[in-house]
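Quick caveat: nothing in here was measured; it's all calculated off a predicted structure.
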Amino acid sequence: MSDTAAMSHPEPSVTPVPGVPRPDPGDERLALSADALDLAISYGACAADGGGRVRIDFDLVSAHYLGWPNDEALSGHPLWGAGLTPYAVQEVAHSPWIRSIERGNRVHPRHSPAIFDEDRHLVITFHDRTFECICHGYRVTKLDGVSQ
């Protein structure tokens with residue numbers, strides 16, 4: 001990448017989201033619930049993070065994805081070299097997905113790049129699939145009644 005391109009679009013970096021329980025590699029009970037306004041995902045938490053079930057409700061979702069890659073093919077994900085790890089809840093800084101959505105929205109007559117300033121790109125890596133979401137925020141609930 002040229003120095004000019006690097007200055008205008010920093011490389012993405014992926015870091016763990018603190019305080020959000022990581023997925024249990026052996027739990028296959030992943031559930032996704034979505035409609036036009038709401039999106040939630042629930043999964044089993046790893047024992048080191050207290051176990052049990054976790055639900056994450058996402059706010060102001062503009063896009064989401066659930067599918068490839070599984071844990072065995074995670075090194076083929078475009079964010080692998082940016083810090084993406086298996087069985088983790090992570091956030092992408094300088095997201096190329098958000099940049100792509102913003103570029104596509106430029107055809108809108110009232111487009112403003114500032115609309116995307118609050119967007120967050122979250123990635124949760126599971127055993128058999130990967131979840132990604134562009135949202136403004138989220139709420140984490142341990143389904144045993146303890147919210148975070």
[atom1]/[X] to [atom2]/[Y] distance, rounded to the nearest 0.5 angstrom?
| X | Y | atom1 | atom2 | answer |
| --- | --- | --- | --- | --- |
| E91 | S13 | CD | OG | 9.5 Å |
| E118 | I134 | CD | CD1 | 13.5 Å |
| D119 | S62 | CG | OG | 4.5 Å |
| T125 | W80 | OG1 | CH2 | 8.5 Å |
| R120 | C133 | CZ | SG | 10.5 Å |
| L39 | L66 | CG | CG | 10.0 Å |

Indicate if [X] and [Y] have the same hydrophobic cluster label, given that clusters are the connected sets of ILVMFWY residues with side-chain heavy-atom separations under 4.5 angstrom.
| X | Y | answer |
| --- | --- | --- |
| V20 | L32 | yes |
| Y138 | L60 | no |
| W68 | L30 | no |

Ring centres under 6.0 Å, that's the criterion: do F126 and Y87 meet it? no
Establish, yes or no, whether a centroid distance under 6.0 Å links the rings of F58 and F131. yes
Okay, side chain of [X], backbone of [Y]: is any donor-acceptor separation there less than 3.5 Å?
| X | Y | value |
| --- | --- | --- |
| T130 | P69 | yes |
| R99 | H94 | yes |
| K142 | G51 | yes |
| T141 | L143 | no |

Results of side-chain hydrogen bond (donor to acceptor under 3.5 Å, both in side chains) for D24 - residues two or more places apart only: none
Please enumerate all residues that pass side-chain hydrogen bond (donor to acceptor under 3.5 Å, both in side chains) together with D27, with sequence neighbours excluded. R29
Between N70 and H127, is a side-chain hydrogen bond (donor to acceptor under 3.5 Å, both in side chains) present by the stated rule, with each step listed? CA-CA 6 Å; N70 66 8; H127 176 67; over 6 Å; no
Quick one: closest heavy-atom pair of [X] and [Y], and the distance?
| X | Y | answer |
| --- | --- | --- |
| A63 | I101 | CB-CD1, 4.1 Å |
| P12 | A82 | O-CB, 3.4 Å |
| R53 | S42 | NH2-OG, 3.3 Å |
| R110 | I115 | O-CD1, 4.4 Å |
| A40 | R55 | CB-NH2, 3.4 Å |

Could you tell me how the ring of W97 sits relative to the ring of H121: parallel (under 30°), tilted (30 to 60°) or perpendicular (over 60°)? perpendicular
Using the side-chain contact (heavy atoms from CB on, under 4.5 Å) rule, take R139 and I56 through it: C-alpha gap first, then chi angles, then the decisive distance, then the call. CA-CA 6 Å; R139 292 173 312 287; I56 304 176; over 6 Å; no
Check whether any side-chain heavy atom of P23 sits under 4.5 Å from a side-chain heavy atom of I124, and report yes or no. yes
Test side-chain hydrogen bond (donor to acceptor under 3.5 Å, both in side chains) applied to N105 and H111, step by step: CA-CA 7 Å; N105 195 64; H111 172 75; 2.9 Å; yes
Are V61 and D59 close enough, and set up right, to give a side-chain contact (heavy atoms from CB on, under 4.5 Å), and what steps lead you there? CA-CA 6 Å; V61 174; D59 301 321; over 6 Å; no
Would E132 and L122 count as a side-chain contact (heavy atoms from CB on, under 4.5 Å) if you check the C-alpha gap in whole Å, the side-chain angles of each, and the deciding distance to 0.1 Å? CA-CA 6 Å; E132 298 192 51; L122 300 174; over 6 Å; no
Apply side-chain hydrogen bond (donor to acceptor under 3.5 Å, both in side chains) to residues T85 and Q90 and explain how you reach the verdict. CA-CA 8 Å; T85 60; Q90 300 152 101; 3.1 Å; yes
Under the side-chain contact (heavy atoms from CB on, under 4.5 Å) criterion, do V123 and V92 qualify, and how do the steps go? CA-CA 7 Å; V123 181; V92 182; 3.8 Å; yes
